[in-house]
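Hydrogens, waters and symmetry mates play no part in the numbers below; they use all other heavy atoms, side chains included. Every chain is numbered from 1, with letters handed out A, B, ... down the list of sequences.
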Amino acid sequence: MAVTMAQALNKALHDAMEDDDRILVFGEDVGKLGGVFRITDALQNKYGEERVFDTPLAESAIIGTAIGLAMYGYRPVPEIQFDGFSYPAFEQIVSHLAKLRNRSRGTLKLPVTVRIPFGGGIGAVEHHSESPETYWVHTAGLKVVAPGNPGDAYSMMREAIASDDPVIFLEPKRRYWMKEEVELPVERAPMDRAVIAHEGTDVTVVAYGPMVKTALEAAEAAADEDWSLEVVDMRSLSPMDTVTIVESVKKTGRCIVVHEAGRTLGVGAEVAARVQEQAFYHLEAPIFRATGFDTPYPPAKLEEYWLPNADRILDFVEKSFEY
Amino acid sequence: MPYAAQGAAAGSRPRHPRRTSWWPDERSLSVVDIHDAASLLPPEDPVHLLDPDGTFHEHGDYPLDLKDQDFLDLHRYMVVTRKVDREAINLQRQGQLGVYASCLGQEAAQVGGAYALGENDWVFPSYREMGAAVVRHVDTAALLHLYRGTWLSDHDPYEHNFALMAIPIGTQALHAAGFAMGARFDDNPIVVMGYFGDGATSEGDPHEAMNFAAVFQAPCVFFVQNNQYAISVPLERQTAAPTLAHKAVGYGMPGLRCDGNDVLATYAVTKRAVERARQGDGPAMIEALTYRMEAHTTSDDPTRYRTEDELEYARTFDPIVRMEAFLKQRDLWSEEFKAEVDELAQSEAQRMRDGIYDAPHGDPLELFDHVYVDPPRDYAAQRAFLRAELDAAGGDA
Ligand SMILES: Cc1ncc(C[n+]2csc(CCOP(=O)(O)OP(=O)(O)O)c2C)c(N)n1
């Protein structure tokens, strides 16, 4: 059956709530409305207003109370409505959600899954297309994941909710309507593992979340030029599955990292650093990064110039062949 | 359900404060009945039961349900708190703690407030709540590791229902509200107390916490110790509100005020808020008016922002002197009692000192131990790296 990523996420929430009555879903407009992207659709009807509820409009409180609820014994799955509105919750995430286990020498567990629709490409107004992943990846104590297709979205959401560690679950919002033929429920690779989304021999293209599809498009177009791209879908940004990436680069000798977030200190910088440390003698060319620019996210009419697309990836592929 | 439910009658809770429609035909658009607001307002004068000379005054709205034994216990907890606090300052002076935030002068606020809680209730403290910790029988040595710099904390919050001390100002109020929401959803008749200071009332988190608690009618008591200063900044620079307790009204919860140097008034006011919350009537905010007699922390120089005159005056309403006078008026005081309390305080202080010294600590490899339930694979490599550095340095860790 063809399911969209939005449907897969919704189904994952339904199934998880069915299996465990300690799971609570809350945030802004997640109840009657089912979330602005309808990811929590019909959950309130099915599980009632005490397990699925709208909160007052306050992101710090959504995360801060999730911490208290988790300490009490619930498994909260709070929603932050848009990436750009996770910033008011920054302190609760960084100072407490990520640290309480460490601060308590292991006596506390924080099984909280923070859902954040992230990234651009949907023509949204300012503050609705941000890629804040580096902030979370830089923070020890959090797991940070981003699925690249509907089946993974389902499987990874189930795993995130089941995790006793806090997970920042980044939903690539421009891929909510992307379809995949898959029977749900489905169990995919563990969420902390990268997978090879497309096999190839010439260049490794590392991507995650919304850019996986873009990288696959690039791989398809490259085939016309007789270039064979291997696409690695990172899936988990923290922890980062370096093994799969490095193995791939050892095979191809070339590496391009792709993400929407600005380049400086982005996830690509970390991938490049690890690859050069662990596969230096296998590299035929420098590692390139096809990313957004180091500028604020642009107005919607300019986002197509800002966001990496298949052409930008292929330009870097070509460049890497110059070495 | 998540937490041991303790048999509260479900479904008996009154709904949120009455709302009346401003839409002529009574459709759904509504506003809170503003006449309700008056009932939420704090009293003009803070509730006060004990004069500085120990004379007790009945208060019609706050009858005291305490027995002689409770009076003695309240005094005992305050004296132990003061001694433990003094010992912590000594430990800092001796270089055993990096810094310490004293609660000298705030014993009545902390002890009276915490004494109004039941055993299954919870406390979410800031970094200054040693008095509340003493009442909850939390190991004070374990808490001091935060200041010693050995661990970030070393107590199990579930042992005495006492959360970790929080350093970022006011953030713990949200954890308290969330925990209380959990209790409410679970029909568990516990009450959660979140402590914060006057400075914290300017931060966003306590406001979001009070709003959430009120909207969800969570059994949460927000206990503000107005000790007059946020480091060097006095109350009038912190707020233009008539009193801090007035802020509660804006969230639809009662704002209560008490003389925070009067342990009986603090107890009585808190008890009322706690009972209310336990019955399902929702949260309340208490402003306890007190004074921080010591420096903000051991790193602070209070002579830059307050006068010796002011301090001299503050000494005239010392909470422990006042309670002692009360016990004498009631014929509850004896030299034996004094000796017994002093001895207990001394032994608690010694226990704290020993606990700090004796705790095994300093294992560098523990860095990696309590970050994740399910540690990332690359921790093994980073751990091995540190191990190798230690071996190279000839360490035996
Ligand atoms: C978010 C944040 N900002 C600043 C500080 C630094 N700081 C520590 S204590 C303090 C004053 C707090 O005053 P108050 O809330 O009245 O509590 P008190 O120390 O008087 O108990 C400040 C500014 C901090 N810990 N957290």
Next on the checklist: Ignoring hydrogens, what is the shortest heavy-atom contact between B:Y158 and A:T107? Give both atom names and the distance.
Outcome noted: CE1-O, 4.2 Å
Checklist entry - Is the gap between the ring centers of A:F53 and B:F216 under 6.0 Å? => result yes
Checklist entry - Considering only heavy atoms, which portion of A:E49 lies under 4.5 Å from any heavy atom of chain B: side chain, backbone, both, or neither? => result neither
Next on the checklist: I'd like to verify something: which residue of A:A58, A:P239, A:G106 has the highest number of heavy-atom pairs under 4.5 Å with chain B?
Outcome noted: A:A58
Item to check | Residue pair A:Y72 / B:I190, side-chain heavy-atom distance below 4.5 Å | outcome: yes
Next on the checklist: For the interface with chain B, which of A:L108, A:T242, A:D192 has the highest count of heavy-atom pairs at distances below 4.5 Å?
Outcome noted: A:L108
Checklist entry - Between A:Q92 and chain B, which part of the residue has a heavy atom less than 4.5 Å away: side chain, backbone, both or neither? => result side chain
Next on the checklist: Please classify the contact between A:K99 and chain B as side chain, backbone, both or neither, with a heavy-atom cut-off of under 4.5 Å.
Outcome noted: neither
Checklist entry - Is it true that atom NZ of A:K109 has more than 12 heavy atoms of other residues, nucleotides or ligands lying nearer than 6.0 Å? => result no
Checklist outcome for this item: Closest heavy-atom pair, B:D378 versus A:R274, reported as atoms and distance to 0.1 Å, is OD2-NH1, 3.2 Å
Checklist outcome for this item: Correct closest heavy-atom pair for B:F185 and A:E50 would be O-OE1, 3.5 Å
Item to check | chain A contact via B:E366 - side chain, backbone, both or neither, heavy atoms under 4.5 Å | outcome: side chain
Checklist entry - Relative to chain B, which segment of A:I62 carries a heavy atom at a distance below 4.5 Å: side chain, backbone, both, or neither? => result both
Next on the checklist: I'd like to know whether B:R377 forms a salt bridge (charged side-chain N to carboxylate O under 4.0 Å, His left out) with A:D241, so could you lay out the CA-CA distance, the side-chain angles of the two residues, the decisive distance to 0.1 Å, and finally the verdict.
Outcome noted: CA-CA 8 Å; B:R377 285 188 292 172; A:D241 177 3; 3.2 Å; yes
Next on the checklist: Rounded at 0.5 Å granularity, tell me how far OG1 in A:T65 sits from CD in B:E208.
Outcome noted: 9.5 Å
Item to check | Part of residues 368-376 of chain B lying next to chain A, heavy-atom separation under 4.5 Å | outcome: B:H370, B:V371, B:Y372, B:V373, B:D374, B:P376
Checklist entry - Which heavy atom in B:D205 sits nearest to a heavy atom in A:S60, and how many Å separate them? => result OD1-OG, 2.6 Å
Checklist entry - Looking at OG of B:S153 and CG of A:N102, how far apart are the two atoms once the value is rounded to the nearest 0.5 Å? => result 11.5 Å
Item to check | A:L24 portion near chain B, given a 4.5 angstrom heavy-atom threshold | outcome: side chain
Checklist entry - Is it the side chain or the backbone of B:H145 that comes within 4.5 Å of chain A heavy atoms, both, or neither? => result neither
Checklist entry - Got a sec: does the CD of B:E119 have more than 12 other heavy atoms crowding it under 6.0 Å? => result no
Next on the checklist: Within a 6.0 Å radius of atom OH on A:Y87, are there more than 12 heavy atoms belonging to other residues, nucleotides or ligands?
Outcome noted: yes
Checklist outcome for this item: For A:A140 and B:Y379 the tightest heavy-atom approach is CB-OH, 4.3 Å
Next on the checklist: What I'd like to find out is whether the side chain of B:F179 reaches to under 4.5 Å of the side chain of A:L69, using heavy atoms alone.
Outcome noted: no
Checklist entry - Is the CG atom of B:L367 crowded by more than 12 outside heavy atoms at less than 6.0 Å? => result yes
Checklist entry - Who wins among B:P168, B:A177, B:A213, B:A218 for the most heavy-atom pairs under 4.5 Å with chain A? => result B:P168
Item to check | side chain to side chain contact (heavy atoms under 4.5 Å, CB included) between B:M181 and A:F26, intermediate numbers included | outcome: CA-CA 12 Å; B:M181 284 162 63; A:F26 53 94; 6.0 Å; no
Checklist entry - Counting only heavy atoms not in A:H127, do more than 12 fall under 6.0 Å of its NE2? => result no
Checklist entry - Taking A:R103 for the side chain and B:M165 for the main chain, is one N or O donor matched with an acceptor at less than 3.5 Å? => result yes
Checklist outcome for this item: Honestly, the part of A:D20 sitting under 4.5 Å from a heavy atom of chain B is neither
Checklist entry - Which one, A:M240, A:R75, A:R105, leads in non-hydrogen pairs under 4.5 Å with chain B? => result A:R105
Checklist outcome for this item: Taken to the nearest 0.5 Å, the spacing of A:I63 CD1 from B:L174 CG works out to 10.5 Å
Checklist entry - What's the verdict on side chain to side chain donor-acceptor pair (under 3.5 Å) for B:Q172 and A:H96, showing C-alpha distance, side-chain angles and the deciding distance? => result CA-CA 9 Å; B:Q172 73 279 9; A:H96 295 303; over 6 Å; no
Item to check | Part of A:S238 lying under 4.5 Å from any heavy atom of chain B | outcome: side chain
Checklist entry - If you tally heavy-atom pairs under 4.5 Å against chain A, which of B:A209, B:A173, B:P157, B:G204 wins? => result B:P157
